[in-house]
Every structure is written in structure tokens, then in C-alpha cells.
Amino acid sequence: MYTDKVMDHFMNPRNVGEIDNASGVGEVGNASCGDIMRIYLDVEDNIIKDVKFKTFGCGAAIATSSMATELIKGKTIDEALELTNKAVADALGGLPPQKMHCSNLAADALHKAIADYKAKQDAKK
Amino acid sequence: MRRVYLDHSATTPVHPGVIEAMVDCMQNHFGNPSSVHSFGREAKKLLEEARANVAHLIGARPEEIIFTSGGTEADNLTIFGVARAMRKKGNHVITSATEHHAVLDACQALTKEGFEVTVLPVDETGMVRVEDVKAALKPETVLVTIMHANNEVGTINPIKEITQLVKAHGAIMHTDAVQTVGKIPVDVNDLGVDLMSLSSHKIYGPKGVGALYIRKGTKLFPLSHGGGQERKRRPGTENLPGIVGFGKAAEIMARELPEEMGRMGRLRQRLIEGLLAIPEVQLNGHPTERIPINVNVSIKYIEGESLLLMLDMKGIAASSGSACTSGSLDPSHVLLAMGICHEVAHGSLRLTLGRDNTEEDIEYVLDVLPQIVERLRAMSPLYANKEG
Amino acid sequence: MRRVYLDHSATTPVHPGVIEAMVDCMQNHFGNPSSVHSFGREAKKLLEEARANVAHLIGARPEEIIFTSGGTEADNLTIFGVARAMRKKGNHVITSATEHHAVLDACQALTKEGFEVTVLPVDETGMVRVEDVKAALKPETVLVTIMHANNEVGTINPIKEITQLVKAHGAIMHTDAVQTVGKIPVDVNDLGVDLMSLSSHKIYGPKGVGALYIRKGTKLFPLSHGGGQERKRRPGTENLPGIVGFGKAAEIMARELPEEMGRMGRLRQRLIEGLLAIPEVQLNGHPTERIPINVNVSIKYIEGESLLLMLDMKGIAASSGSACTSGSLDPSHVLLAMGICHEVAHGSLRLTLGRDNTEEDIEYVLDVLPQIVERLRAMSPLYANKEG
Ligand SMILES: Cc1ncc(COP(=O)(O)O)c(C=O)c1O
Ligand SMILES: Cc1ncc(COP(=O)(O)O)c(C=O)c1O
Ligand code: FES
Ligand code: FES
């Protein structure tokens with residue numbers, strides 16, 4: 001059902017956890033199947049220095065969370081904004097058709113976290 | 001790696017004696033039971049022996065058993081067959097919210113033919129209330145179909161009491177006994193039902209074969225047409241190797257049931273105790289009125305599919321009512337009907353025992369599971385919320 | 001005693017390689033293909049391999065094959081499924097007089113749902129005339145179902161020509177290819193049909209499994225409801241051992257067909273020659289457009305069942321279109337549709353060849369049969385009348 005890449009990221013997820021006083025936090029929940037994903041960013045000089053996630057969901061949901069955090073770690077905010085759901089799924093070697101909606105979670109949560117970071121920056125100004 | 005199969009309500013391994021009987025049938029008696037010659041007569045003999053064995057398992061007479069391609073077909077044949085045959089008498093059918101999709105979806109399809117279907121609720125243990133059946137019976141009611149035990153939570157319905165009401169009312173009573181036959185004593189005359197669905201692959205027989213018990217005198221239209229096989233109720237060349245395997249499985253089940261029932265019950269108790277020792281785990285279903293092979297728990301703050309995958313990596317095969325495993329967007333209709341909320345239903349885990357399981361298997365699961373639960377909870381934003 | 005099985009159109013022995021594949025499936029891969037865990041995934045893999053093998057045998061794509069419980073179900077699923085799905089477009093269905101009962105009786109049942117059914121005649125060789133199809137097509141025609149080859153006399157219909165007409169007319173074309181697949185080359189794209197019925201037990205696979213080829217885009221309602229198996233077109237836990245056996249049989253047939261076809265044709269010619277050497281024996285069916293395994297003759301002045309019983313005493317398994325073998329009062333509807341009179345139909349004998357048959361088998365039959373014919377004729381008042 002899942003590719004080896006998916007299973008690897010599922011069994012050994014990268015960047016699980018939380019960041020205290022994160023620069024930005026984004027949470028999305030897909031009401032349809034009850035999965036929830038939260039991403040924490042630590043941003044310094046416009047660069048994502050650290051990223052953590054917590055996810056309640058299926059194997060695909062956890063693997064996409066892990067892969068998304070891997071893909072943006074060390075990237076600039078602008079680069080991170082370019083990450084698409086499809087890119088995450090592709091990086092995992094594809095997802096089963098009925099699981100494509102899970103891959104929408106990760107990039108969406110990330111974009112929300114970046115929006116939260118930007119809002120916080122604006123508030124500081 | 002140790003492999004522990006705990007998904008016997010999904011399907012069972014085929015008993016070695018069943019395989020042997022099927023191979024003998026295919027190697028030595030491959031004829032078409034309808035043929036006049038000796039090859040045909042030998043096949044016919046095997047067919048009727050199998051029918052007698054299946055009948056015996058549920059206290060029926062051989063001529064009241066017809067073979068189908070499985071439980072799904074037996075359910076559909078009943079629902080369409082009886083409803084259509086009784087159309088002139090009435091157009092109301094009663095079923096329950098926790099039925100298998102073969103029953104629920106067939107009833108749903110009946111509404112397009114002008115039938116009205118009442119779907120009874122269940123209580124929080126998953127049981128149909130006898131008084132609800134009583135209240136739902138109408139002059140137009142022609143068929144009531146309530147499952148004997150549920151496949152997800154194992155709750156056993158009070159079919160005998162329900163049947164008494166239904167028969168007194170003059171309607172026809174069907175029960176889907178796919179999950180009880182071979183696991184607890186089942187007798188068509190004790191229960192009093194008019195029709196009963198069975199499936200071979202849940203009792204260590206092969207997949208692709210089932211049976212419908214039809215009490216003498218019950219009217220039923222066939223679902224399909226063709227040769228006159230199975231008293232014109234189910235045409236098509238008989239699935240002889242499958243039927244022979246089913247018959248053998250029925251024979252073995254009848255013999256082993258009394259002892260296995262007790263053993264399953266004991267393994268089940270140990271498993272439930274061990275699971276409830278994990279924090280924030282709840283038992284779903286009825287505490288006592290459940291088939292002895294069924295354990296269903298919800299492990300809060302985690303999602304069932306990830307749990308199944310991690311168990312699978314440890315060689316443990318289980319199932320879940322999580323939406324993520326269903327291919328649809330909703331979690332198990334059974335758990336929801338019992339009033340369990342979406343989140344808790346997502347974290348459901350079903351472990352169903354079988355004749356190959358040992359105490360060591362149970363201890364292995366109880367050893368492995370807490371670590372997996374801990375790992376998944378550590379990843380879960382819901383668990384974090386709760387702690388924070 | 002020598003046993004010679006010459007009833008391969010009724011059913012075939014199961015190929016040893018098929019039994020082996022089925023045993024492996026049951027012993028080592030018994031999971032439910034819908035399950036998430038490794039047992040389920042292994043089962044799913046076997047299911048899809050089998051689908052690919054069956055698809056390959058008829059030049060289809062795997063996703064165009066759905067498994068059924070046999071040829072009868074495939075025929076019924078087509079007739080009810082397509083007709084009901086197209087109901088808004090029209091209510092006319094065309095079939096032919098020599099179809100299998102699975103098609104004829106399903107079409108008959110359709111008339112109760114408001115469909116009009118045209119049953120085309122056949123010529124004296126049992127063949128449907130292309131011009132008859134043309135004349136029968138109406139604006140309301142939604143489905144045409146004509147068998148590829150007949151099971152009794154083996155006559156092959158001009159399906160390619162018929163399909164061209166039907167498709168040009170905008171209707172849906174189905175063919176029951178139960179008797180041709182594995183015996184002559186069959187390609188869904190060459191024939192152009194939208195649907196095709198197959199049965200495993202006619203090609204050395206197990207009984208109780210078949211397939212329906214459904215060309216992409218063809219609308220079809222299911223016959224029954226339940227789990228989402230087989231793209232929601234055929235619910236129920238898949239008959240995995242049966243399907244695996246069918247897949248293996250398809251693989252073997254694809255490999256052996258070119259050579260076996262020639263060998264069967266030669267045995268058949270020898271058999272026909274030998275039979276026609278007996279006085280007052282006529283060949284039924286088409287002299288050349290017939291499947292290579294089929295021989296059908298009428299032996300005048302004798303009745304088929306007695307003939308079969310006497311052959312059986314000599315170890316020879318055959319079949320007949322005699323009313324006495326059918327359980328009904330009429331002889332074969334196929335022979336009657338070909339214009340053969342009742343008396344001659346009663347004396348019909350069908351011998352159908354298979355991969356285990358040898359030249360010695362044929363010589364044995366040709367040695368034994370004349371004596372039997374003589375004995376029966378000596379008892380027959382018809383023969384006496386004729387001589388007197
Ligand atoms: C309660 C119940 N009814 C019907 C079925 C369907 O039986 P089958 O898989 O033989 O079609 C099942 C199992 O899937 C079941 O658990
Ligand atoms: C032409 C034809 N169609 C359909 C069938 C029915 O197939 P099955 O026996 O698999 O139901 C048969 C054989 O009995 C047949 O010969
Ligand atoms: S989280 Fe539900 S299917 Fe992926
Ligand atoms: S003569 Fe006995 S059935 Fe026809």
C-alpha cells in the first residue's frame with residue numbers, strides 16, 4: 001500500500017515534538033477523517049532554523065508531516081512557502097489515491113505556521 | 001519475526017483438514033453435480049454430504065440449506081428475495097444500525113423499489129432493544145433482519161426474543177449469523193428464525209462460499225436466473241471444492257466448538273485485562289453478551305491506521321474502525337451508532353481470536369502494544385493538548 | 001476399468017498446477033485482501049496477479065476484469081446490470097434462441113421489469129444471422145447479448161460482425177464466451193464487445209469462480225450490495241483461492257492454447273468420422289465454425305439418457321440434449337431452435353474433448369459405442385417400425 005519511503009518516515013518520523021516559544025505555529029484539522037496536524041517553526045533571520053510537528057492521523061499523515069518538515073528545514077521563509085502538497089507526496093515516492101487528502105495537511109499546516117510567524121512579526125513592528 | 005494473527009473476524013486461516021478435503025475433491029471428484037455419469041454422481045454425493053454437515057452445525061435439515069458465494073450474497077438474496085416475494089403483502093422492512101454493509105446497503109437499495117426501511121438504533125453496548133423492534137412492527141412489515149452478533153464489537157443480539165415478536169406479528173425473520181456460527185452454539189429452531197446467513201471463511205473454510213438457511217415454506221425470489229441448481233434459488237454450477245471445504249469446516253467446528261469456546265473466552269479475558277491496564281483505554285461493546293473471540297477497545301488520542309501499521313511491523317495483524325482504514329471519510333458506522341464520538345472511534349482497535357492463538361501470543365501483544373501506544377501518543381497533538 | 005471423460009463442456013478436471021496454486025494460497029496467504037496488515041497485502045497481491053492473468057488471456061486490461069462466482073453470475077450481472085442502468089435510454093434487449101439458460105432466463109425475467117426482449121432464431125447449424133440482428137435493432141435497443149459459441153453444439157457465432165452493427169447503432173454488446181475462452185483465440189478488442197462472460201471451471205480452473213470483462217466506460221448496476229469490493233460492482237469477500245486457481249488456469253491456457261487447439265481439432269475429426277460411420281447418425285451444428293472440442297451427433301431411434309448410462313457403464317462420460325436428462329419435459333432448446341425434431345433431439349449425444357484425452361480414448365469410444373447403439377436399437381420400437 002505504502003512505498004518504502006512512506007514507511008520509513010512513518011516508522012522513524014523526523015522532527016517530532018514541540019518548540020517552546022515558537023516563532024510560528026500552524027494547525028490544520030481535516031474534519032472529514034478527524035486527523036489533526038500541528039507544526040512549530042523556529043525562524044531566525046528569515047531562515048527556518050528548526051521545525052517540529054505533532055500529528056494525529058494515519059500512516060500517510062505522519063509520513064507527510066515528517067517529510068514536509070525535512071524539506072523546509074534550513075530553507076528561507078520564501079522557499080518554504082513554495083512547498084506544495086504534491087512536492088511532499090512526490091518526495092515520498094507517491095501516496096495511494098485514497099490517501100492523497102492526507103498530503104494536503106502537511107503543506108497547509110506549514111503555510112499556516114508561516115502566516116502565524118508573519119502575523120507575529122507584523123505585531124512586533 | 002513472530003507473526004500473530006488477531007483478525008479472525010475479517011477472515012480465518014483455512015484448516016488443514018479443509019484443504020485436504022478440497023484437494024481430494026478437485027483431484028478425484030471434479031464432475032459437474034448435474035451430470036448423469038459417474039463423475040457427476042460422485043460430485044453430487046460430495047455436495048450433499050457438505051450440505052448435511054452445514055445443516056447439522058445449525059440444527060437445520062439439509063434441504064433447508066442452499067449454498068451461495070458467501071455471506072454477502074446470502075444477505076442480499078434474503079433481503080431482495082424475501083422483500084420482492086412478499087411485496088403484495090407489505091412494503092416495510094426493519095433492520096438495525098450496526099448491520100454489516102451487505103444488509104444495510106441492500107436495505108437501502110430496497111427503498112428505490114418502493115420499500116420503507118426502519119433502521120433501529122442500538123444501545124451503548126451495540127445491542128438492539130427488543131422493545132424498539134416491537135414498536136417498529138407495522139401491518140406492512142414483511143421482513144425483519146437483525147444480525148446475531150456484530151462483526152466489529154461482537155455484541156450478541158437477543159434474536160430469540162426478537163424472533164418471537166416478529167413471528168407473532170406474522171413477518172419473516174432473518175439473522176446474519178456470519179459471526180456467531182462456529183463460535184457459540186447456534187440453532188435455527190432454538191432461535192426460531194426463518195432465514196440465516198452463514199459464511200465459510202469465518203469458520204476456517206475457504207473464501208467465496210456461504211449458505212442461506214431457508215425454513216421450509218419461506219417464499220423467496222432468486223437474485224439471478226439460469227440452471228435449476230439449489231432448488232432454483234441460486235443458479236450456476238456449484239462451487240464444489242468451496243462447498244466441500246465449507247462442509248468440512250462445519251464438521252470440524254461442530255466437534256471443536258464446546259472446548260474452543262471456553263479457551264477463547266479465557267484468552268479474551270486476559271487480553272481485555274491487559275489492554276485496560278494501559279491508561280485511557282476503553283472497552284467497546286457489551287461486557288458479557290459478546291462472542292468469545294472479540295476484543296474491541298478505543299485507545300484515546302491515537303489513530304487506528306497508524307496503530308495497525310506499527311503492530312504490523314511487529315508481526316501482529318489486527319483491524320480498526322478508524323476512518324483512515326475504511327477508504328471512506330467516516331469511521332465505523334457501528335461505533336458511531338453506539339454513541340462513540342468520532343475521535344474515540346478513530347482510535348479503535350479490534351483483536352479477534354482464533355484456534356491457532358496461544359497464551360504466548362496474547363502476552364506478546366500485551367508486551368508490544370504499550371510501547372507503540374506511547375510512541376504514537378508522543379506524536380499526537382491531542383495527547384499534548386490534554387496534558388498541557 | 002478405463003475411464004474416459006468426454007464432457008469437458010460441462011466441466012473440466014482441475015489442472016494440477018491450479019490445485020498447487022490454490023493450496024499455496026490457502027496455506028500461506030489466507031488474508032482478507034481488504035485488510036491493512038501484511039496478511040491482507042499478500043492476499044491483495046495474489047488477487048491482482050490473477051486479475052492480470054485473466055485479462056491477458058482475452059487481451060483486456062486488468063482493471064476491466066471483475067471476478068464473479070461463475071459464468072451464470074457474469075451473465076446475470078450483465079443483463080440486469082446493464083439493462084437497469086440504461087433503462088432511461090431504452091427498454092429493448094436482443095438475444096438469441098440458443099443462449100445458455102443463464103442468459104435466456106435472465107432476459108425472460110427482465111420482461112417483468114418492463115423490458116421487451118427479442119429472441120433471435122438461429123439457422124440449422126445453430127448460427128445467429130447477422131442480418132437478423134440488423135433487422136431487430138430499434139431505437140430503444142440498449143443491450144444485445146449473443147453467445148460466442150454454443151455449449152451444446154459448439155457453433156461459433158459471428159460476434160465481430162454483430163458487434164460492429166450493434167456499436168454503430170449505439171447499443172451495448174455482450175457475449176457469453178464461457179465456451180470459447182481457452183479453446184480458441186479470444187480478444188475483446190478484436191471482437192469489439194463491451195462485456196464478456198468467462199467461467200473458470202471450463203478452463204481447468206476450480207468451479208465457483210468466473211469473471212466479467214467490462215470495457216472502460218460501460219455503465220452497470222450491481223446485482224447485490226455490501227463491501228466495496230471489485231470496484232463496487234461485485235461485493236463480498238473475494239473468493240481468493242478460487243480466483244488464484246482461475247488466474248493460474250488462465251496462464252496455462254494462454255500458453256497451451258495454440259498447440260492444444262490443433263490437437264483437439266484432429267481428435268475431433270477422427271471422432272466425427274468414426275461416429276458418422278455408424279448408420280443413421282447425423283452431425284448437429286456447423287461443419288467448420290465450431291469449437292475444436294465439440295462433437296454433437298444424433299443417433300436415431302435411441303434415447304440419450306439410456307445411451308449415457310450404457311456409456312457410463314463402460315467408463316465413458318458424455319452428455320445429451322435428451323429431455324430425459326434435463327429434468328424437464330422438453331429436449332434441448334438448442335437443438336429444437338436449430339429445427340431438429342423432438343425425436344432426433346432425444347437421441348443426441350455430446351462428446352466434448354479436453355487436454356487429457358488421447359487417441360486411445362477416441363478409439364475406445366469408437367469401439368464401444370456401436371455395440372451400445374445396436375443394443376439400444378434392438379430394444380427400440382421406433383427402429384423396429386422403421387425396419388418393418
Ligand atoms: C456480519 C457479517 N455479515 C456478512 C459478511 C460478509 O460475508 P462474506 O465475506 O462471506 O461475503 C461478514 C464478513 O465480511 C460479516 O462479518
Ligand atoms: C455458454 C455458457 N454460459 C454460462 C455457463 C454458466 O457458467 P457457470 O457454470 O460458471 O455458472 C455455462 C456453463 O454451464 C455455459 O456453457
Ligand atoms: S489521516 Fe485519515 S486517511 Fe490519512
Ligand atoms: S423416458 Fe424417462 S424421462 Fe424420458
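In what follows, every chain begins at residue 1, and chains take the letters A, B, ... in the order their sequences are listed.
Salt-bridge formation is not detected for the pair B:Glu113/C:Arg84: no Lys NZ or Arg NE/NH1/NH2 atom is positioned less than 4.0 Å from an Asp or Glu carboxylate oxygen.
Between atom CD1 of residue B:Ile19 and atom SG of residue C:Cys25 there is a gap of 9.0 Å, rounded to the nearest 0.5 Å. C:His225 contributes atom NE2, which lies 10.0 Å from atom CD1 of B:Ile79 (distance to the nearest 0.5 angstrom).
For C:Phe67, no part lies near chain B; criterion is any non-hydrogen pair under 4.5 Å. Residue C:Ala43 does not touch chain B at all, counting heavy-atom pairs closer than 4.5 Å. Heavy-atom distances place both the backbone and the side chain of C:Gln27 under 4.5 Å from chain B. With a 4.5 Å cut-off on non-hydrogen atoms, B:Pro241 touches chain C through its side chain but not through its backbone. In this structure, chain C has no heavy atom under 4.5 Å from any part of B:Met313.
Closest approach of B:Val23 and C:Val23 over heavy atoms only: CG2-CG2, 3.4 Å. Nearest heavy-atom pair across C:Met26 and B:Pro206 is SD-CB, 4.4 Å. Scanning both residues, B:Lys207 and C:Asn239, for their nearest heavy atoms gives O-OD1, 3.2 Å.
When the candidates C:Gln108, C:Arg3, C:His201 are compared by the number of heavy-atom contacts under 4.5 Å with chain B, C:Arg3 comes out ahead. Of the residues considered (B:Gly40, B:Ala106, B:Ala102, B:Pro13), B:Pro13 shows the highest number of contacts with chain C, using heavy-atom pairs under 4.5 Å. Here C:Ser38 is the residue among C:Gly242, C:Ser35, C:Ala109, C:Ser38 with the most heavy-atom pairs under 4.5 Å with chain B. Ranked by non-hydrogen atom pairs under 4.5 Å with chain B, the options C:Gly210, C:Ala318, C:Gly70 are led by C:Ala318. Residue with the most contacts toward chain B among C:Val14, C:Thr72, C:Val36, C:Asn76: C:Asn76 (heavy-atom pairs, distance under 4.5 Å). Ranked by non-hydrogen atom pairs under 4.5 Å with chain C, the options B:Ile316, B:Leu308, B:Leu240, B:Thr237 are led by B:Thr237. Contact count against chain C (heavy-atom pairs under 4.5 Å) is highest for B:Thr11 among B:Leu223, B:Thr11, B:Val209, B:Val103. Most heavy-atom pairs under 4.5 Å with chain B, from the set C:Gly227, C:Gly315, C:Ser200, C:Ser224: that is C:Ser224.
Counted by atom type alone, C:His37 and B:Asp7 present one or more donor-acceptor pairs between their side chains at under 3.5 Å. Side-chain atoms of B:Arg234 and C:Ser69 form a donor-acceptor pair, as typed in the model, at a separation below 3.5 Å.
Between C:His15 and B:Phe30, the ring center distance fails the sub-6.0 Å criterion.
Between C:Arg41 and B:Asp312, some side-chain heavy-atom pair lies under the 4.5 Å cut-off.
In this structure, B:Arg2 places its CZ atom where more than 12 heavy-atom neighbours from other residues, nucleotides or ligands lie under 6.0 Å away.
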